[in-house]
**Student:** 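I am attaching a structure below and will ask some questions about it afterwards.
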Amino acid sequence: LQVRLLGPLGIRQNGTLLALPGSRKVRALFGYLAMAPQSVPRTRLCELLWDVPNDPRGELRWCLSKIRHLVDEPGRQRLRAQADLVWLDLSDCGVDAREIAHAGQSGIGSLGPAQVRALADLFESEFLDGLEIERCPAFGNWLVAQRRRFHSIHITLLERLVTSGDDQGNGYLERWLELAPFDLNAHGFLFGRLAGHGQLRDGDAHLA
């Protein structure tokens, strides 16, 4: 399986995009478990996604059954549960956000240009794009924190590519400016590039 979290949630199996459940809470629960560093108590999951429903544990079981149908295969159980704990074992899967998070923890400065490019190109849009859920403040807070975290790493990757001269016409500077429109360093590099190509009028227009 290949899991995309940096953009609208997507799961591919052998290159084929799987049809996801229509329930936003199923998809939100999958995203949360995919990023959880350890097993999560069922109580925590109920508090995360249900605002005083009639049967939160029953709804949680239903959502988990949908995820299990999506990711489990014969001889390979990825959604795991033990007593009151639940976790998603994606150790044999590619998960874009986990690759990015690992790189951020290990230190982007130690990566080679090809690795930095590969990581920067994993970003399709923001983390779990379009998966906001009303009346779920705990999930909303978690989602905002994750988006802020990956937004920061994305900017760091783009800045590394641009400042090292490794943009190669791939639009990394433009993406940097789009994500950080008030970053003077990004604007400085754009002015330098325009001046280097004799595009002074374009530089004046950008400054204006």
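Residues: numbered from 1 along the sequence shown.
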**Student:** What closest approach, in Å, do Ala195 and Leu200 show between heavy atoms, and which atom pair accounts for it?
**Tutor:** CA-CD2, 4.1 Å
**Student:** Please list, chain by chain and in numerical order, all residues satisfying salt bridge (Lys or Arg N to Asp or Glu O under 4.0 Å) with Arg76, sequence neighbours excluded.
**Tutor:** Asp89, Asp92
**Student:** With Phe30, which residues qualify under ring pair (Phe, Tyr, Trp, His ring centres under 6.0 Å), at least two apart?
**Tutor:** none
**Student:** Answer yes if the ring centres of Phe127 and Trp142 are under 6.0 angstrom apart, and no otherwise.
**Tutor:** yes
**Student:** Return the minimal non-hydrogen interatomic distance between Glu99 and Leu122, and the atom names on each side.
**Tutor:** OE1-CD1, 4.0 Å
**Student:** Show me the donor-acceptor pairs, under 3.5 Å and distance only, between side chains in residues 41-48 and residues at least two apart or in other chains.
**Tutor:**
unit_1 : atom_1 : unit_2 : atom_2 : d
Thr43  : OG1    : Arg57  : NH2    : 3.1
Arg44  : NE     : Tyr32  : OH     : 3.4

**Student:** With sequence neighbours excluded, tell me which residues meet side-chain hydrogen bond (donor to acceptor under 3.5 Å, both in side chains) with Arg149.
**Tutor:** Gln146
**Student:** Between the main-chain N or O of Pro137 and the side-chain N or O of Asn141, is there a donor-acceptor pair closer than 3.5 Å?
**Tutor:** yes
**Student:** Any chance you could measure Ser23, atom OG, to Leu29, atom CG, to the nearest 0.5 Å?
**Tutor:** 9.0 Å
**Student:** Report the residues that fulfil side-chain hydrogen bond (donor to acceptor under 3.5 Å, both in side chains) with Ser110, sequence neighbours left out, ordered by chain and then residue number.
**Tutor:** none
**Student:** Taking only residues two or more places apart in sequence or in another chain, which ones pass side-chain hydrogen bond (donor to acceptor under 3.5 Å, both in side chains) with His151?
**Tutor:** none
**Student:** With sequence neighbours left out, write down each residue that passes salt bridge (Lys or Arg N to Asp or Glu O under 4.0 Å) with Glu132, or none if nothing qualifies.
**Tutor:** Arg147
**Student:** Of all residues at least two apart in sequence or in a different chain, which pass the salt bridge (Lys or Arg N to Asp or Glu O under 4.0 Å) check with Glu159?
**Tutor:** none
**Student:** Sorted by first residue and then second, give each ring pair (Phe, Tyr, Trp, His ring centres under 6.0 Å) pair with at least one member in residues 81-125; sequence neighbours left out.
**Tutor:** Phe123-His154
**Student:** Suppose we screen for side-chain hydrogen bond (donor to acceptor under 3.5 Å, both in side chains). Which residues come up paired with Glu124, at least two apart in sequence or across chains?
**Tutor:** Arg4
**Student:** Side-chain donor-acceptor pairs under 3.5 Å in residues 178-192, sequence neighbours left out?
**Tutor:**
unit_1 : atom_1 : unit_2 : atom_2 : d
Asp183 : OD1    : Asn185 : N      : 2.9
Asp183 : OD2    : Trp176 : NE1    : 3.4
His187 : ND1    : His206 : NE2    : 2.9
His187 : NE2    : Pro181 : O      : 2.7

**Student:** Identify the heavy atoms of Ala34 and Leu5 that sit nearest to each other, and give their distance.
**Tutor:** CB-CD1, 4.2 Å
**Student:** Counting only pairs under 3.5 Å, give me each side-chain donor-acceptor contact of residues 60-72, with atom names and distances, residues two or more places apart or in other chains.
**Tutor:**
unit_1 : atom_1 : unit_2 : atom_2 : d
Ser65  : OG     : Trp62  : O      : 2.6
Asp72  : OD1    : Arg78  : N      : 2.7
Asp72  : OD1    : Leu79  : N      : 3.1

